[in-house]
Amino acid sequence: MSNWLLVKTHDDLTDLERDHQDLNEQYQLLLGTQQLYISELDELGSSLSDLSAERARLVEENQEIGATLSTLETRLGLLQEPVGMSLEERLELTRMAARQRLFLLHSIPNGVPISAERINDSYGMRMHPVLKTRKMHNGMDFKADRGTPVYATADGVVEYGGYRKGSGFGNLVVLQHNFGFKTYYAHLQKVLVKSGTFVHKGQQIALSGNSGRSTGAHLHYEVRFMYRPLNPGPFLQWGLDNFNALFSEVEEVPWESLSAMYPLNQSGAQ
């Protein structure tokens, strides 16, 4: 009887040890699963923080884009935002306005044609330095050393490039531009373009000099509309930031007919 009790007690202990081991293994498994869940929660929390930071960055970028777009719209004259217009529609409208204005800024002379020390003579009546009589000065004279690069102030085609006899201009480049405009570059040391060739705004076309009827090295620059000389001053100052100024300052040009094809003031003010 005692042996049977001993054997049963031993079997019961063995079963208890096996149950304890099973429970311990299950506990370890649950513990590992819990650690895995904790780790995954940490990763999800980190991802959530990253997403929140990314969302904040995108919101900030969107605000910056909106501010930049508003600034550009102001420069382009798009001062009143149409009701209900989306950001994409505003961007497309801005792109269209920018393309139109850049086209006009490449078609009509603007900016300075040379890096000069100063302007010696402006547009208007003056005492001619060689002839010593009062004569109309149809352009502007930029004082510059011989060999200073001269640049086209708009896209166009070379109407003339060479020495113009009897004109007093010496070596001369005449460019034809869109809408009836021309520019003259005179007293050059060297002409770098040929008649009949196309040039783009900012392209070097000549070197300044002292050829023709001139008392010193400089560039004589003219802007003409339908053969009529215009004051180059407003054209020198014209750009994207003061786009509308030219159309009120230069009264000799019938801008109204051009505005019918290309609205010159996007905000509607003339």
Side-chain angles (χ1 to χ4, degrees), residues 102-117 119-126 128-131 133 135-238 246 250 252-255 258:
L102 288 175
F103 169 71
L104 292 175
L105 285 167
H106 276 264
S107 299
I108 300 172
N110 64 92
V112 294
I114 190 172
S115 178
E117 299 176 18
I119 296 176
N120 276 352
D121 279 311
S122 297
Y123 178 86
M125 294 298 296
R126 67 165 185 175
H128 195 283
V130 176
L131 301 177
T133 59
K135 291 180 66 70
M136 181 64 187
H137 188 233
N138 291 327
M140 282 189 170
D141 290 345
F142 295 86
K143 178 175 173 56
D145 294 333
R146 294 172 185 259
T148 302
V150 177
Y151 304 99
T153 54
D155 297 345
V157 61
V158 182
E159 177 184 300
Y160 184 86
Y163 191 86
R164 180 67 67 86
K165 295 180 180 179
S167 67
F169 283 143
N171 290 321
L172 172 71
V173 171
V174 179
L175 301 182
Q176 288 186 16
H177 308 289
N178 284 338
F179 311 119
F181 289 94
K182 290 186 180 184
T183 49
Y184 282 58
Y185 311 78
H187 306 303
L188 304 169
Q189 175 182 329
K190 186 177 182 181
V191 173
L192 302 178
V193 290
K194 296 181 179 180
S195 298
T197 58
F198 293 94
V199 297
H200 61 81
K201 177 176 173 59
Q203 179 178 333
Q204 185 177 345
I205 57 174
L207 300 174
S208 65
N210 190 32
S211 60
R213 193 182 298 136
S214 172
T215 59
H218 72 286
L219 172 70
H220 175 82
Y221 174 68
E222 295 185 13
V223 176
R224 299 191 181 190
F225 176 72
M226 298 299 291
Y227 304 100
R228 180 181 182 180
L230 303 173
N231 183 357
F235 294 89
L236 298 179
Q237 302 297 326
W238 186 44
L246 186 72
V250 181
E252 298 90 336
V253 179
W255 300 113
L258 179 62

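For Tyr221 and Tyr185, the ring centers sit closer than 6.0 Å to each other.
Here the closest heavy-atom approach between residue Asn210 and residue Gly216 is recorded as OD1-O, 2.8 Å. Minimum heavy-atom separation, Asn231 to Gly233: OD1-N, 3.0 Å. Taking both residues in full, the closest heavy atoms of Phe169 and Ala186 are given as CD2-CB, 3.4 Å, listed atom of the first, atom of the second, then distance. A pairwise comparison of heavy atoms in Glu159 and Ser195 identifies O-OG, 3.9 Å as the closest pair. Across every non-hydrogen atom of Ala144 and Ile114, the tightest pair is CB-CD1, 3.6 Å. The two residues Lys182 and Tyr227 make their nearest non-hydrogen contact at NZ-CE2, 3.3 Å.
Distance check, rounded to the nearest 0.5 Å: CD of Gln176 to CZ of Phe179 gives 14.0 Å. Here CG of Leu172 is found 9.0 Å from NE2 of His220. Values are rounded to the nearest 0.5 Å. Note that OG of Ser208 and NZ of Lys143 are 10.0 Å apart. Values are rounded to the nearest 0.5 Å. The distance from the CZ atom of Phe235 to the CG atom of Leu230 is 5.0 Å, given to the nearest 0.5 Å. Considering OG1 of Thr148 and CG of Leu188, their distance stands at 11.0 Å, rounded to 0.5 Å. Residue Leu219 holds its CG atom at 8.0 Å from CG of Asp141, rounded to the nearest 0.5 Å.
Ser211 places a side-chain N or O within donor-acceptor distance of the main-chain N or O of Asn171, the cut-off being under 3.5 Å. Although no hydrogens or angles enter the test, the distance criterion places no donor-acceptor pair under 3.5 Å between the side chain of His106 and the main chain of Ala154. Under a 3.5 Å cut-off, the side chain of His137 and the backbone N or O of Ser122 do form a donor-acceptor pair.
Residues passing the ring pair (Phe, Tyr, Trp, His ring centres under 6.0 Å) test with Phe142: none are found, sequence neighbours excluded. Looking at residues two or more places apart in sequence or on another chain, you find a ring pair (Phe, Tyr, Trp, His ring centres under 6.0 Å) between Phe103 and Tyr262.
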| said: Between Val191 and Val193, is the side chain to side chain contact (heavy atoms under 4.5 Å, CB included) condition met? List the steps. | reply: CA-CA 6 Å; Val191 173; Val193 290; 4.3 Å; yes

| message | Pair Lys194, Val158 - check side chain to side chain contact (heavy atoms under 4.5 Å, CB included), show working. | response | CA-CA 7 Å; Lys194 296 181 179 180; Val158 182; over 6 Å; no

| query | Passes side chain to side chain contact (heavy atoms under 4.5 Å, CB included), Lys201 versus Tyr151? Steps please. | reply | CA-CA 8 Å; Lys201 177 176 173 59; Tyr151 304 99; over 6 Å; no

| request: Apply the test side chain to side chain contact (heavy atoms under 4.5 Å, CB included) to residues Leu258 and Ile108: give CA-CA distance (whole Å), side-chain angles for both, the deciding distance (0.1 Å), then the verdict. | output: CA-CA 12 Å; Leu258 179 62; Ile108 300 172; 4.2 Å; yes

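Residues Pro109 and Leu236 form no side-chain contact, since every pair of their non-hydrogen atoms from C-beta on lies 4.5 Å or further apart. Counting only heavy atoms from C-beta outward, the side chains of Tyr184 and Pro232 never approach each other to under 4.5 Å.
With Thr183 as the partner, the side chain to side chain donor-acceptor pair (under 3.5 Å) test is satisfied by one option alone out of His177, Arg224, Glu222: His177.
Annotation for Gln237: atom CD does not count as buried by contact number, only 12 or fewer foreign heavy atoms lying within 6.0 Å.
For His200 and Asp155, the side-chain atoms include no donor-acceptor pair closer than 3.5 Å.
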